[in-house]
Amino acid sequence: PLLALRVVNLLQERNLLPLGPVTPPTPCLPQDLQKINCHPEVFRSTLTSIPQTQSLLNKAKLPLGLLLHPFKDLSQLPVVTSSTIVRCRSCRTYINPFVTFLDQRRWKCNLCYRVNDVPEEFMYNPVSRSYGEPHKRPEVQNATLEFIAPSEYMLRPPQPAVYLIVLDVSHNAVETGYLDVVCQSLLENINALPGDSRTKIGFITFDSTIHFYNLQEGLSQPQMLIVSDIEDIFLPTPDSLLVNLNECKELVQDLLRSLPQMFGKTMETQCALGPALQAAFKLLSATGGRVSVFQTQLPSLGVGALKSREDPNQRASAKDIQHLSPATDFYKKLALDCSGQQVAVDLFLLSSQYCDLASLGCISRYSAGSVYYYPSYHQQHNPAGVECFQKDLKRYLTRKIGFEAVMRIRCSKGLSIHTFHGNFFVRSTDLLSLPNVNPDAGFAVQMSIEENLVDMQSVSFQAALLYTSSKGERRIRVHTMCLPVVNSLSDIFAGADVQAITCLLASMAVDRSVTASLSDARDAMTNASIDSLTSFRTSVLTIQQPGLLAPACLRLFPLYILALLKQKAFRTGTSTRLDDRVFAMCQLKYQPLAYVMLMIHPALYRVDDLTDEGALNVSERTIPQPRVQQLSVEKLSRDGAFLMDAGSVIYLWIGRNCNPNFLTQVLGLPNYAAVPLNMNMLPELDTAESQRTRVFVGWLREQRPFFPILHVIRDESPLKASFLQNMIEDRTESALSYYEFLLHIQQQVSK
Amino acid sequence: MEAAVFILSLVDCCALIFLAVYFVITLSDLECDYINARACCSKLNRWVVPELVGQALATVLMLVSLHWFVFLLNLPVATWNMYRVWKVPMGNMGVFDPTEIHNRGQLKSHMKESMIKLGFHLLCFFIYLYSMILALIND
């Protein structure tokens with residue numbers, strides 16, 4: 001805490017970034033409680049010391065909220081199979097490491113403070129084979145664990161894995177060549193789809209009519225059934241449109257091999273997405289499952305048809321951006337219908353023109369699906385995009401999945417949740433309906449303090465996710481976090497988690513842009529930094545010094561706010577396509593914290609002088625750890641090479657006078673002039689420098705579930721502008737530099 | 001003639017009171033988890049326009065019968081109702097949107113709005129009752 005409150009004068013200290021990644025603050029709990037507390041990658045709070053009263057929170061001018069990544073792929077997850085799952089009788093909280101045992105037979109809930117009895121079965125600990133020590137059981141020793149749920153937790157028998165692929169086969173779509181990639185990827189990964197012997201699969205293709213495929217076992221080849229009455233969609237046959245994958249595998253493979261050729265010569269230009277989605281819903285409503293929709297243009301026919309709303313002249317508008325909210329409620333209504341029948345819709349948008357993602361995205365947002373966006377996808381013109389699509393598809397098809405899930409987030413008495421962020425539907429107060437849950441989705445909630453938290457040393461939060469695994473097992477994943485309660489403003493500032501605050505503010509700003517206006521959202525973000533620093537200055541600082549003073553834990557806050565203002569989602573004055581902007585907003589709300597931070601503030605490294613000094617040793621590989629640099633062209637040096645990791649894309653910038661050693665040993669090129677304009681791969685050369693660079697890039701890539709494309713940038717590269725746009729500390733014609741922004745804040749703070 | 005106007009307004013006001021009570025009960029059902037967001041919002045959205053019509057009717061009646069004070073009392077509520085319906089964004093499913101009702105304290109603000117309207121309609125009810133009795137006596 002003392003270190004966190006060290007006063008930093010932002011106008012004077014220029015090197016604010018830590019050497020490595022920014023670490024979250026540790027809550028000030030007793031050592032034994034903090035050791036078993038939930039991991040910050042799974043559950044994180046914006047303030048690690050919770051204020052005692054709402055008025056204290058209001059004085060701090062920082063948002064209070066939680067950021068969760070509940071279904072994250074974990075390497076170690078204790079699984080408990082128990083006949084009795086011990087829960088509090090009144091609030092139904094699962095027993096967790098932060099309850100208090102009054103004696104061996106009674107336990108006190110840490111959320112509602114009710115005293116419960118310990119059931120007889122719980123007294124026996126199967127792990128240590130001892131009796132009478134309930135506090136040694138795994139449920140009380142682990143903050144993150146998974147229960148196998150008995151039948152009381154099932155509304156219906158666990159559903160099988162059901163996958164429906166819906167493909168756009170209009171002329172536009174076939175021309176991009178995406179069908180080849182999707183069919184190829186499905187063929188390769190067909191045995192790796194999560195599921196068991198009951199797994200079902202089906203296909204629908206659409207252009208101006210809807211095509212179903214009869215894949216009944218016994219047919220010599222797949223039979224296509226066309227429904228042209230798109231005003232009133234019906235299913236042509238009652239069954240065998242969704243078939244058991246194992247029984248009909250050859251037919252499915254036949255279909256996947258023949259699909260690209262089937263539509264190779266199509267001249268259909270219309271696209272009836274709405275009716276196709278209605279057909280998909282009809283097909284899956286009996287069982288639930290996952291729909292993967294691939295779309296390449298604006299839907300033009302039938303219900304849900306959209307008009308082009310974007311005005312290309314307004315892309316670089318310095319004022320408000322219009323059309324950020326949906327144009328029609330059709331997709332939202334359909335998403336809610338799907339959510340009610342446990343169907344999730346994932347949308348893949350591969351288009352070079354405006355597709356009204358603001359309206360289309362609703363189908364995924366409220367049915368707990370995900371949106372993937374590949375602007376200007378084309379198999380010949382954009383080979384890097386093709387590779388990205390392939391790798392993303394592989395991850396999408398093979399990652400873990402949970403069906404018919406619900407999640408409940410409980411807080412200690414006195415705290416309540418008032419806003420939710422993420423892709424799901426809030427069915428009732430704090431019950432989130434998630435037809436599909438996947439390991440790459442992040443969620444956030446905002447809280448308020450309804451009653452003063454007096455006499456409490458700590459408060460707890462529990463997120464319980466009840467889902468059906470792909471093998472048909474009903475499971476409950478429980479995460480519990482405990483945080484201390486404080487009643488002084490300086491303690492609140494000491495426990496502020498700047499990255500969590502930034503991400504929560506980003507989600508709030510997206511909401512504000514859609515409900516009010518973009519300029520409102522931008523002002524609100526700037527005011528967030530001004531207000532919190534003013535509050536620090538007036539209430540916590542004892543000695544008034546000149547300059548812009550911030551506590552060490554919030555020293556990066558103005559930098560992150562500036563980064564958000566320059567982010568594609570919120571920037572004005574720079575030409576931004578509307579779909580790109582809306583997708584950036586979707587990602588800010590959907591991605592877990594680590595990737596959102598990379599999106600907002602990319603990491604810049606110098607890579608032409610990588611050494612093994614301070615390297616990480618992971619599974620026999622030595623991974624160099626270069627220092628993180630500030631995002632300013634000041635830091636770029638003409639005789640070096642720099643790597644910028646922006647989450648979904650990696651830029652490798654080569655300086656004009658770059659070290660020839662680097663060019664030959666790592667890029668395999670004789671000189672700077674030989675660097676091609678679009679190079680996307682590091683050649684595998686047998687040199688130590690090449691090895692180090694490739695290991696470093698590989699390490700960056702494997703830490704995330706999506707595949708970042710590598711772009712090598714030189715002076716005349718077309719992507720140079722995108723690379724320079726990430727230099728947030730620099731001045732541009734429409735935005736302030738970091739120093740100017742600090743001066744602006746200081747002016748407002750000193751008023 | 002006076003009495004007839006007030007009898008009509010009284011009946012209209014009764015209907016508005018019942019409607020306000022229905023709104024309050026449905027919203028509190030949602031708060032206590034007896035119904036889900038979708039059911040609640042579709043129930044309430046059905047009655048938004050009838051409420052608007054009822055309130056507008058009372059306002060117009062007062063205007064036509066030249067009772068300025070009561071007209072001015074009713075006018076803000078009528079305009080607020082119309083504004084509420086007009087400013088619903090295109091992507092929302094009506095004034096009560098099930099995807100937004102649990103965000104940003106919308107449930108609480110809708111509840112407060114309905115309670116205020118209930119109080120207002122009760123006040124109007126007694127005004128109309130008194131005026132009607134006065135008119136009947138004077139006839």
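Order of the sequence lines fixes the chain letters, A, B, ..., with proteins taken first and strands second; residue numbering starts at 1 for each chain. We use all heavy atoms of the structure for the numbers below, so side chains are in, but hydrogens, waters and symmetry mates are not.
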Exercise. Non-hydrogen atoms of chain A under 4.5 Å away: do they reach the side chain of E100(B), the backbone, both or neither?
Worked result: side chain

For this session: Any chance you could lay out the side-chain contact (heavy atoms from CB on, under 4.5 Å) test for L336(A) and T99(B), step after step, and finish with the verdict?
Result: CA-CA 9 Å; L336(A) 291 183; T99(B) 57; 3.8 Å; yes

Problem set entry | From S428(A) atom OG to L107(B) atom CG, the distance as rounded to the nearest 0.5 Å | 11.0 Å

Problem set entry | Separation of D33(B) CG from L431(A) CG (nearest 0.5 Å) | 7.0 Å

For this session: Please check if atom CZ in R427(A) has more than 12 non-hydrogen atoms from other residues, nucleotides or ligands closer than 6.0 Å.
Result: no

Exercise. Taking everything shown except M154(A) itself, do over 12 heavy atoms lie less than 6.0 Å from its CE?
Worked result: yes

Problem set entry | Within-4.5 Å side-chain heavy-atom neighbours: F425(A) and P98(B) | yes

Problem set entry | Electrostatic pair R38(B):D337(A) at N-O distance under 4.0 angstrom | yes

Problem set entry | Contact class of T515(A) relative to chain B, heavy atoms under 4.5 angstrom | side chain

Exercise. Pick from E31(B), K108(B), M93(B), H102(B): which one has the most heavy-atom pairs with chain A under 4.5 Å?
Worked result: H102(B)

Exercise. Should D97(B) and K333(A) count as an ion pair when the cut-off is N to O under 4.0 Å?
Worked result: no

Exercise. Backbone N or O of R104(B) within a donor-acceptor pair of the T419(A) side chain at under 3.5 Å?
Worked result: yes

For this session: To the nearest 0.5 Å, tell me how far I417(A) CD1 sits from N103(B) CG.
Result: 11.5 Å

Problem set entry | D329(A) and N92(B), any side-chain heavy atoms less than 4.5 Å apart | no

Exercise. More than 12 heavy atoms of other residues, nucleotides or ligands under 6.0 Å from CG of L155(A): is that the case?
Worked result: no

For this session: Under 4.5 Å heavy-atom distance to chain B, tell me which part of T328(A) shows up: side chain, backbone, both or neither.
Result: backbone

Problem set entry | Within 6.0 angstrom of R92(A) CZ, more than 12 heavy atoms from elsewhere | yes

